[in-house]
2 protein chains.
Amino acid sequence: MSQNGVGVDLDKSLGYLLKEASSALRAAMEEVLRPLGMSVTHYSCLELLAQRPGLSNSELARGAFVTRQTMNVLLHALERDGYVTRPAEAPVGKVLPTRLTPRGRRSLEKATVAVRSVEVRMLAGMTETEQSDAFRILRSMIHSLRDGNDGA
Amino acid sequence: MSQNGVGVDLDKSLGYLLKEASSALRAAMEEVLRPLGMSVTHYSCLELLAQRPGLSNSELARGAFVTRQTMNVLLHALERDGYVTRPAEAPVGKVLPTRLTPRGRRSLEKATVAVRSVEVRMLAGMTETEQSDAFRILRSMIHSLRDGNDGA
DNA sequence: TAATCTATGTCAGAATGCTGACATGAGTCA
DNA sequence: TGACTCATGTCAGCATTCTGACATAGATTA
């Protein structure tokens with residue numbers, strides 16, 4: 001492992017490590033979701049709707065960490081394939097509350113099993129203390145990064 | 001914040017939190033790199049070359065968590081714009097060792113300052129202990145996720 | 001009430017990254 | 001030596017996501 005003192009030493013950069021972990025997580029999730037014909041964003045959307053029925057397109061987008069436009073495309077596909085339903089007209093304002101269909105719920109159930117296996121694997125090598133540390137530390141990182149986004 | 005007991009509870013999912021942190025980091029880096037006309041992958045490539053001169057296209061791709069093909073496109077652009085150089089013929093095998101030009105090095109210097117500010121911000125809210133915990137825990141997560149990728 | 005601001009859904013075009021495929025060079029092993 | 005395996009660089013086509021833009025609905029404020 002060669003390295004010199006210049007710049008941000010990648011071996012010691014928390015940002016690089018975070019990116020590496022995220023990349024590994026994404027790969028693991030894609031691997032278990034592929035046999036189900038489902039992408040990570042696809043799964044995220046369904047999971048969000050299961051836990052908070054009636055979310056709008058924009059809310060789903062924020063929850064899945066993509067743009068409104070991207071989520072909009074996905075939602076239309078999911079609606080076309082019968083996984084979700086949206087009212088033809090907005091009950092209030094422009095917001096179209098989205099809900100899972102029975103088919104969407106069934107599809108999600110299989111995916112949830114697959115994804116949970118990844119989550120379990122990730123937690124496996126950690127003690128109880130490390131697990132709660134992980135939550136606290138990740139939350140701290142998110143908070144620090146968000147603060148500077150529009151603050152300073 | 002509503003939620004029920006079904007499925008993977010996102011509020012308590014380490015995977016979701018990891019994705020959130022990674023998303024925040026990416027946004028923060030894009031924000032500071034945009035004024036320099038540089039993308040995250042672009043910066044990653046230059047930083048890798050600064051620390052390990054002579055890396056091949058494939059090695060750079062693995063280091064930046066993209067495919068060979070993606071890195072290949074980027075390298076050609078960087079070479080065209082005079083940030084890196086690659087020999088016309090492979091000294092050995094097919095591997096074309098890549099190196100930063102003085103221009104590439106100058107460009108990287110500015111980016112490094114910007115990126116370091118993000119890294120500092122991320123570490124700011126954490127104690128010394130938490131910082132070393134963060135490294136250990138992230139490494140543990142990466143290891144666990146990788147193991148299962150082709151193993152079990 | 002009227003003006004302004006903010007958030008939403010949506011369309012269009014562009015950028016980015018990926019999968020599939022191919023030829024080639026190097027290492028392995030019979 | 002020859003067959004096999006593996007990694008590399010590269011081309012082409014496709015998928016996903018993003019940025020920019022617009023009209024509209026609700027909230028805020030003068």
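Values below: all heavy atoms of this structure, side chains included; hydrogens, waters and symmetry mates excluded. Chain A is the first sequence line, chain B the second, and so forth, proteins listed ahead of strands; every chain is numbered from 1.
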Distance test, side-chain N/O of [X] to OP1/OP2 of [N], below 4.0 Å:
{"X": "Arg86(B)", "N": "dT10(D)", "value": "yes"}
{"X": "Arg68(A)", "N": "dG20(D)", "value": "no"}
{"X": "Asn57(B)", "N": "dG9(D)", "value": "yes"}
{"X": "Asn72(B)", "N": "dG9(D)", "value": "no"}
{"X": "Arg34(B)", "N": "dC18(D)", "value": "no"}
{"X": "Thr70(A)", "N": "dT16(D)", "value": "no"}
{"X": "Ser58(A)", "N": "dG9(C)", "value": "yes"}

Quick one: [X] [atom1] to [N] [atom2], roughly how many Å, whole number?
{"X": "Leu96(B)", "N": "dG25(C)", "atom1": "CG", "atom2": "P", "result": "12 Å"}
{"X": "Glu30(A)", "N": "dA15(D)", "atom1": "CD", "atom2": "P", "result": "15 Å"}
{"X": "Met71(B)", "N": "dT10(D)", "atom1": "CE", "atom2": "P", "result": "13 Å"}
{"X": "Lys94(B)", "N": "dC11(D)", "atom1": "NZ", "atom2": "P", "result": "11 Å"}
{"X": "Leu60(A)", "N": "dT8(C)", "atom1": "CG", "atom2": "P", "result": "11 Å"}
{"X": "Glu59(B)", "N": "dG9(D)", "atom1": "CD", "atom2": "C1'", "result": "13 Å"}
{"X": "Arg62(A)", "N": "dT17(D)", "atom1": "CZ", "atom2": "P", "result": "18 Å"}
{"X": "Met38(A)", "N": "dT16(D)", "atom1": "CE", "atom2": "C1'", "result": "17 Å"}

Worksheet item: Where each residue is assigned the nucleotide of DNA chain D containing its nearest heavy atom, which of Val92(A) and Phe65(A) is assigned the position nearer the 5′ end?
Response: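 Final value for this comparison: Phe65(A).
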
Worksheet item: Want to settle it: does Thr67(A) or Pro91(A) sit nearer the 5' end of DNA chain D, counting the closest nucleotide to each?
Response: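 Closest to the 5' end, via its nearest nucleotide, is Thr67(A).
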
Worksheet item: Any side-chain heavy atom of Leu14(A) within less than 4.5 Å of one from Glu119(B)?
Response: yes

Worksheet item: Given side chains that start at C-beta, do those of Leu78(B) and His42(B) come closer than 4.5 Å, heavy atoms only?
Response: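 Sidechains of His42(B) and Leu78(B): in contact.
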
Worksheet item: Among side-chain atoms of Glu59(A) and Ser56(A), is any donor-acceptor pair under 3.5 angstrom?
Response: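 Yes, a side-chain donor-acceptor pair sits under 3.5 Å.
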
Practice prompt. Check the side chains of Tyr16(A) and Glu20(A) for a donor-acceptor pair under 3.5 angstrom, ignoring hydrogens and angles.
Written response: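 Judged by distance alone, the side chains do not pair up.
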
So what does [X] hit on the nucleic acid, given a heavy-atom distance under 4.0 Å: a base, only sugar-phosphate, or nothing?
{"X": "Thr41(B)", "result": "sugar-phosphate"}
{"X": "Leu74(A)", "result": "nothing"}
{"X": "Ser56(A)", "result": "sugar-phosphate"}
{"X": "His76(A)", "result": "sugar-phosphate"}

Practice prompt. Scan Leu75(A), Val84(A), Leu74(A) and name whichever one has a side chain to side chain contact (heavy atoms under 4.5 Å, CB included) with Leu60(A).
Written response: Leu75(A)

Worksheet entry | Heavy-atom donor-acceptor pair, Gln69(B) side-chain to dG13(D) base, under 3.5 Å | no

Worksheet item: Taking the side chain of Val66(A) as its heavy atoms from C-beta onward, which of dC18(D), dT8(C), dT8(D) lies nearest to it?
Response: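 Ranking dC18(D), dT8(C), dT8(D) by closest atom to the Val66(A) side chain puts dC18(D) first.
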
Worksheet, complete the sentence: Closest heavy-atom pair, Ser144(B) versus Arg121(A), reported as atoms and distance to 0.1 Å, is CB-O, 3.2 Å

